[in-house]
Peer 1: 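Here it is, the structure, as structure tokens.
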Amino acid sequence: MQYGHFDLENKEYVITNPATPAPWANYLGDPEYGAMISNNAAGYSFVKSGANGRLSRFRFNSEMALPGRYIYIRDNDNADYWSASWQPVGKPLDQYKSECRHGTAYTVISAEYSGIKSETTYYVPYGKTYEVWRAKLTNSSDKERKLSVFGFIEFTNEPNYEQDQVNLQYTLFITRTSFEGGNRIIQHMNENTGFDENGYNGQERFFGMVGQPVTASCGSLSDFIGPYRTFSNPIAVENGKCSNVMNYNSNSCGALQSDITLAPGETKEFIFVLGERKDPEAAAILEEYKAAGKVDAEVKQLKDYWHGQLSNFRVDTPSDEFNNMINVWNAYQCFITFIWSRAASFVYCGLRNGYGYRDTVQDIQGIIHLDPEMAAEKIRFMLSAQVSNGGGLPLVKFDHNAGHETCPDENDEHSVYAKETGHPSYRADDALWLFPTIVKYLGESGNKGFLDEVITYAEEGGGKATVYEHLKNAIRFSMERLGSHDMPAGLHADWNDCLRLGAQGESTFVAFQLYYAMNVMRDMAKDKNDTDYIAYLDGAQKKLGDALEKCWDEDRFIRGIRDNGVIVGAKKDPEANMWLNPQSWSVISRFASDEQAEKAMNSVHDILNTPYGAKLLEPPYKYHHFKGALMQVFNLDTKENGGIFSQSQGWLILAESLLGHGDRAFEYFLESSPAAMNDKAEIRVMEPYVHGQFTESKASPYEGRSHVHWLTGTASTVMVGCVEGICGMRPDLGGLTIAPSIPAKWDGFRIEKNFRGKKLNIAVDNSAHVQSGVKEITLNGEKLTGNYVPADKLKDVNEIKVVLG
Ligand code: GLC
């Protein structure tokens, strides 16, 4: 079943049936002022931290009425009322027409009911730390209408999310609300804790309205909603009268009522603004919105910024799913994960107080082709969270202070770092993600000098070093922690949070990452004439390769060796005998021989593939697990226990593309693509424009249902798989290799790419109907050798013709 469609032109997803199987969300603002909104206006807001700056409430894991940014409309002639979003009032859908347009950092919800049209635009102005809801009401009937309009928000009593939820004997008694200046509710918190330089005390939030006069207001949640009622039938709306009661020692809300008359065809505009500001500033902000055209100008500014970002890479292929994801939604999601990490969604409550090292270094990869310098800033930050022993801090605190951090002690669960972050020890993979990320940045930017930039290490007394030295240290970290089979030791965990091979156990996934890292380093060392290091790498990589060779088991690579010597993922094992990631990474690392690569990838297709993507492992753990196989806690074919772990699909797409298997690469893209599930949205449940963390697989009665929306590494891996893999855009310092791997049935496709300030218009001709293989490239009419476009031959605007065959 389909609930909406993609609007590629406007870069929007349009929901025409509001009864979506789950709240389908969008992001507004950024963590300085964060806001999430569903297609029915449910959601919450916070300042700086989802955990410690929560402004409005949300009820996580709730199947019932959700708090939101609600606008109620009441017809005062017949007492009927509804909401400007279908929920929370939820009028019958044969009478209530609605459309939600989720766009790039704004959402527009339109409705029409009983001859009244409404259109509400929700956004956080660019660079600002408050939010705006602009509602336009139009009388589309032929008689005059008398209406009451109510804007409503449920405040938290305390910015700390947990305190607000559980410590009621305290939080209920620290706030009150007041109505000020004729147009705003002010929520005062901890009022008596001292005065600031302007004579104002405590913390204040505001919810105000301009555009129409405020007739009445209410600052008390219980007064607005009324006993034994919910958001769908607030007593104030039912009676058409806000009580003017303010909160004192109870729950706060902001509710502002305006009584208006609309002549036939007439439109009136309401602008609600919500934020955390002291009253005089709130008044000044509201004043600004009295200026005509301000909202439209601000929405345009948002669109210009985001559309500009997205226009740096555009594809035009025969696949709508591919175009919609790569040009808009996957790209936008990559920015969202880049900015928000795993901070706050409808699943993440905001309690994580930092960046996961591996998560963020991988997230960066998703935006490098769109904004390499934005990526570089974050790479520098992550390098400053690398310890001088080469390892990454497993969790990088939001207030990370390079050069002054404590770090994990490999033998001490009670270290200061462990206490602060909950991470007792280093993980085996963290710093190894720097290699693919930095190599992509160097290629996209051409900024060779980056390797010589000096960056401070994380810990007190750790000193500083060039990026090149940081990378050498990352390799040293792994090399100093090899297990008895000469592969990197498992330490606390590798990419898979649920796989504990034991501190001395060994992971083939990490071994492939290290093998890859050595290839990257060899290229850099050659460029620097670092001959001793090249000799070292040659020897170390040979030894690592010999170790990995022993991990080949007929038609697959094993997953690892536990510290008691028992193999994980051996073909003969009754459960979990086939794992996805070692197979794809054997190809990505360029370790696998041609024969191994073909066999391993065929095994993936035979054993792991499903209609919704490839499973992480098969069969899932049920009877034969070991203590470190933590995924056994999950239901079968769920999450790391045999679910389709979506992040891994990106590596699979990339691996098949690197082998030139365009049909397979695209098959995996489509299976796991949200857009391809648009007409089966009731199966996927999650937003059809957003990647999730995993999809339930065969053993689940809900095969195909996806979970953990928005904030997931899937966004970046799939983006890389598609851009570098399927589109075959592989820049390096000297230029651009073009090696598409596409479905043989495609006649061709086009790419528009901004590359180092120059424009590339790339037309790929596949009239030969092959899956890969470049026969000829011409650059501005000049025939090139091979499939490489040297950067120094580029003009400002370039026509590149690629013929496959
Ligand atoms: C989650 C974690 C990520 C981990 C993955 C696999 O997505 O955020 O760090 O690599 O699960 O366990």
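Atoms within each ligand, like the ligands themselves, are counted from 1 in listed order.
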Peer 1: Starting from atom 12 (O) of ligand 1, which protein heavy atom do you reach first, and at what distance in Å?
Peer 2: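 Among all protein heavy atoms, the one nearest atom 12 (O) of ligand 1 is E640 OE2, 2.5 Å.
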Peer 1: Mind checking whether N496 has a heavy atom under 4.0 Å from ligand 1?
Peer 2: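 Judged by the 4.0 Å heavy-atom criterion, N496 does count as contacting ligand 1.
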Peer 1: Any idea which atoms of ligand 1 are less than 4.0 Å away from a heavy-atom of R358?
Peer 2: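 In order of number, 3 (C), 4 (C), 9 (O), 10 (O).
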Peer 1: Would you compute the distance between atom OG of S341 and atom CG of L395 and round it to the nearest 0.5 angstrom?
Peer 2: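 S341 OG to L395 CG: 8.5 Å, rounded to 0.5 Å.
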Peer 1: Please check if the distance between the ring centroids of F322 and F669 is under 6.0 Å.
Peer 2: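 Close enough - the centres of the two rings lie under 6.0 Å apart.
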Peer 1: Please determine whether a side-chain nitrogen of the Lys or Arg among R358 and D497 lies less than 4.0 Å from a carboxylate oxygen of the Asp or Glu.
Peer 2: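 Result for this pair is yes, salt bridge flagged.
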Peer 1: Would Y348 count as a polar contact of ligand 1, with the cut-off being nitrogen or oxygen pairs under 3.5 Å?
Peer 2: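 Among all N and O atoms of Y348, none is under 3.5 Å from an N or O of ligand 1.
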Peer 1: Between Q647 and ligand 1, is there a nitrogen or oxygen pair with a distance under 3.5 Å?
Peer 2: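 No - when backbone and side-chain N and O of Q647 are compared with those of ligand 1, no distance drops under 3.5 Å.
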Peer 1: Any ion pair linking D573 and R559 (charged N to carboxylate O, less than 4.0 Å)?
Peer 2: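 Salt bridge between R559 and D573, a charged N being under 4.0 Å from a carboxylate O: no.
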Peer 1: Would you mind listing which atoms of ligand 1 come within a distance below 4.0 Å of any non-hydrogen atom of Q693?
Peer 2: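 The atoms of ligand 1 under 4.0 Å from a heavy atom of Q693 are 1 (C), 7 (O).
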Peer 1: Within the 3.5 Å criterion, strictly below it, is a donor on H691 or Q649 matched to an acceptor on the partner's side chain?
Peer 2: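 H691 vs Q649: no donor-acceptor pair found between side chains.
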Peer 1: Can you tell me the protein heavy atom closest to atom 4 (C) of ligand 1 and the distance?
Peer 2: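 Answer for atom 4 (C) of ligand 1: W495 O, 3.2 Å.
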Peer 1: When you look for heavy atoms under 4.0 Å from ligand 1, do you find them on the side chain of D497, its backbone, both, or neither?
Peer 2: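 Within the 4.0 Å criterion, D497 contacts ligand 1 through backbone and side-chain atoms alike.
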Peer 1: What I want to find out is whether D399 reaches K48 closely enough, with some N-O distance under 4.0 Å, to be called a salt bridge.
Peer 2: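 No, D399 and K48 are not salt-bridged.
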Peer 1: Could you find the nearest protein heavy atom to atom 8 (O) of ligand 1 and give me its residue, atom name and distance?
Peer 2: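 Looking only at protein heavy atoms, the one closest to atom 8 (O) of ligand 1 is D359 OD2, 3.2 Å.
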Peer 1: Picking from D606, L617, L616, I607, what satisfies side chain to side chain contact (heavy atoms under 4.5 Å, CB included) with M578?
Peer 2: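 Passing option: I607.
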